[in-house]
Student: 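Starting off with a structure, shown below.
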There are 2 protein chains.
Amino acid sequence: MVMKKNAENLAALRIETPPATLREIALDRMRRAIIGGLFEPGERLVERTLCEQLGVSRSVIREVIRHLEAEGLVEMLAKQGPIVATLNWDDARQIYEIRAALESTAVADCAKVAGPEIKTALRKAMGELERTSKQNSPVGVLDATTEFYKIVFEAGGNNIAWEIVSRLNSRISRLRVMTLSTSNRMTSGPLQIREIFAAIDGNDGEAAASACRAHVGAAAAIAKIILS
Amino acid sequence: MVMKKNAENLAALRIETPPATLREIALDRMRRAIIGGLFEPGERLVERTLCEQLGVSRSVIREVIRHLEAEGLVEMLAKQGPIVATLNWDDARQIYEIRAALESTAVADCAKVAGPEIKTALRKAMGELERTSKQNSPVGVLDATTEFYKIVFEAGGNNIAWEIVSRLNSRISRLRVMTLSTSNRMTSGPLQIREIFAAIDGNDGEAAASACRAHVGAAAAIAKIILS
DNA sequence: GCTCATATCTTGGTATACCATCGGACAAAG
DNA sequence: CTTTGTCCGATGGTATACCAAGATATGAGC
């Protein structure tokens with residue numbers, strides 16, 4: 001026991017090596033920039049320009065672009081270089097379908113195992129959600145929703161699915177904020193999340209799953225109107 | 001009609017620009033090497049060594065590693081560099097669950113829309129599957145199964161889900177061949193695929209989905225025995 | 001003989017140099 | 001005025017050089 005305590009102390013002593021390699025910082029910035037709409041879809045990403053914008057060398061930029069390419073946020077045009085990925089309705093439709101499949105099983109899993117502490121965490125995230133939605137802050141709502149689902153996925157032991165969903169969400173990020181800007185969505189969204197939570201709170205996996213499917217389906221319907 | 005023919009000829013004239021940038025070739029080779037087990041899980045991927053093994057510069061290798069990292073085939077150890085990703089049972093379990101979700105909806109979608117030409121293509125893939133399984137060729141069976149599902153996903157308009165499934169499959173590739181090497185699996189696998197096909201052939205989405213879930217579930221069960 | 005310090009070697013991180021190709025501007029020929 | 005040839009700048013692809021940090025070996029001192 002003493003040994004354990006000692007090890008813990010020593011571990012706590014450890015100087016937090018900033019996981020901040022230049023590349024990771026640049027990756028994060030670039031990803032946020034794309035998701036945040038700082039770059040338009042289809043816009044060319046000229047390497048040397050990005051170099052001076054981010055203040056790093058081309059090597060870093062290129063490796064970051066490789067990563068974003070694999071994530072689906074950037075597309076490579078042969079002989080022309082990278083551009084910000086564009087999104088058509090068919091792709092978006094599929095993404096919403098996949099989300100519906102993964103999120104509904106995740107909430108069901110979560111409902112099966114949810115104990116008091118998870119429910120408390122979810123309740124807190126939901127409070128944040130209502131607060132931001134009352135403030136009419138689309139990005140705030142998005143963050144709160146993300147937090148809610150993050151808890152759901154991790155509680156159910158679905159971290160890989162969470163990774164996939166996160167990646168898919170970043171590909172439809174623009175769509176998501178536009179979807180949220182739809183006025184009635186600002187109120188209906190939290191309502192549906194509340195419904196999902198109620199099912200989880202009652203440990204009713206099936207109800208949670210169907211509520212979740214409804215939630216994603218509603219978002220997809222709005223997205224379809226916007227995009228097509 | 002004449003116009004059409006003309007356009008076709010013109011298109012045929014086009015000089016095949018080799019999609020062969022060094023990086024893409026190297027990416028392909030590396031991915032195959034990892035999936036094929038040429039590198040052990042956990043094995044360090046020393047950049048300079050790979051350079052001379054592949055005959056390219058470090059820039060290329062590093063960009064390839066970024067890509068593979070984003071794909072989940074390679075992990076980065078802080079201050080130590082890249083290693084071949086390792087697989088624990090919890091991750092594998094999740095991957096099989098996600099596959100079950102995505103593949104079952106894909107076969108259901110396929111069953112809903114499958115026409116004669118799709119069914120013919122599936123039948124052909126299944127013939128290949130039976131042939132390779134009789135020859136006791138695990139990799140052949142794997143390829144044939146992959147081809148079968150590829151047709152299924154594309155027929156149902158689920159190319160993004162296919163991309164995700166492919167990526168997940170590459171992460172459990174070692175497990176898959178080990179799973180197939182299980183003797184009874186060599187015969188039961190094709191049988192289950194045949195069952196899925198029968199449901200698609202009868203355009204019965206629900207039956208196809210449940211057969212598919214059974215198929216993936218059986219694979220997961222064997223994987224669990226192997227891995228834990 | 002064991003320990004600790006230092007030298008060195010390996011390895012990844014970063015920056016830069018060089019080259020081939022593409023695209024547009026401009027000019028000359030019809 | 002259109003067309004075509006050519007040149008030049010921009011851009012991506014590739015290779016290499018340099019640096020800092022860890023790991024390892026070696027040797028001095030106790």
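Owing to the predicted nature of the structure, the values given are computational and were not obtained by experimental measurement. Hydrogens, waters and symmetry mates are skipped; everything else that's a heavy atom, side chains included, is used. In what follows, every chain begins at residue 1, and chains take the letters A, B, ... in the order their sequences are listed.
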Student: Contact class for A:Leu77 (heavy atom, under 4.0 Å): base, sugar-phosphate, or nothing?
Tutor: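 No contact at all - A:Leu77 keeps every heavy atom at 4.0 Å or more from the nucleic acid.
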
Student: Quick one: which residue pairs count as a ring pair (Phe, Tyr, Trp, His ring centres under 6.0 Å) with a foot in residues 149-170 of chain B, not counting sequence neighbours?
Tutor: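 Listed once each, the pairs are B:Phe153-B:Trp162.
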
Student: What contact category does A:Ile65 fall into here, base, sugar-phosphate, or nothing, at under 4.0 angstrom with non-hydrogen atoms?
Tutor: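 Nothing, no heavy atom under 4.0 Å.
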
Student: Below 3.5 Å between N/O atoms, which protein atoms pair up with nucleotides 13-15 of chain D? Just atom names and distances, please.
Tutor:
| residue | atom | partner | partner atom | Å |
| --- | --- | --- | --- | --- |
| D:dG13 | OP1 | B:Arg23 | NH2 | 3.2 |
| D:dG13 | OP2 | A:Arg62 | NH1 | 2.7 |
| D:dG13 | OP2 | A:Arg62 | NH2 | 3.1 |
| D:dG13 | N7 | A:Arg58 | NH2 | 2.9 |
| D:dG13 | O6 | A:Arg58 | NH1 | 2.9 |
| D:dT14 | OP1 | B:Thr21 | OG1 | 3.4 |
| D:dT14 | OP1 | B:Leu22 | N | 2.6 |
| D:dT14 | OP2 | B:Thr21 | OG1 | 3.1 |
| D:dA15 | OP2 | B:Ser57 | N | 2.9 |
| D:dA15 | OP2 | B:Ser57 | OG | 3.1 |
| D:dA15 | N7 | B:Ser59 | OG | 2.6 |

Student: Tell me whether B:Glu69 contacts the main-chain N or O of B:Val74 through its side chain, where contact means a donor paired with an acceptor under 3.5 Å.
Tutor: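 Not a single qualifying donor-acceptor pair exists.
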
Student: I need the CD-P distance between A:Gln80 and C:dC22, as an integer number of Å.
Tutor: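 A:Gln80 atom CD is separated from C:dC22 atom P by 10 Å.
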
Student: Output all residues satisfying salt bridge (Lys or Arg N to Asp or Glu O under 4.0 Å) with A:Arg31, sequence neighbours left out; order by chain, then residue number.
Tutor: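 Salt bridge (Lys or Arg N to Asp or Glu O under 4.0 Å) check on A:Arg31 returns A:Glu71.
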
Student: With sequence neighbours excluded, tell me which residues meet salt bridge (Lys or Arg N to Asp or Glu O under 4.0 Å) with A:Lys112.
Tutor: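 Counting only residues at least two positions away or on another chain, A:Lys112 forms a salt bridge (Lys or Arg N to Asp or Glu O under 4.0 Å) with A:Asp109.
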
Student: How close or far is atom P of C:dG13 from atom NE2 of A:His67, stated in whole angstroms?
Tutor: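 So the NE2-P distance, A:His67 to C:dG13, works out to 14 Å.
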
Student: Report the distance from atom CD of B:Glu52 to atom P of D:dT16, rounded to the nearest whole Å.
Tutor: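 Going from B:Glu52 (CD) to D:dT16 (P), I get 12 Å.
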
Student: By salt bridge (Lys or Arg N to Asp or Glu O under 4.0 Å), which residues pair with B:Glu154, not counting sequence neighbours?
Tutor: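 Salt bridge (Lys or Arg N to Asp or Glu O under 4.0 Å) list for B:Glu154, sorted by chain: B:Lys150.
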
Student: Applying salt bridge (Lys or Arg N to Asp or Glu O under 4.0 Å), can you list everything that pairs with B:Arg213, at least two apart in sequence or on another chain?
Tutor: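 Checked B:Arg213 against salt bridge (Lys or Arg N to Asp or Glu O under 4.0 Å); matches are B:Glu206.
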
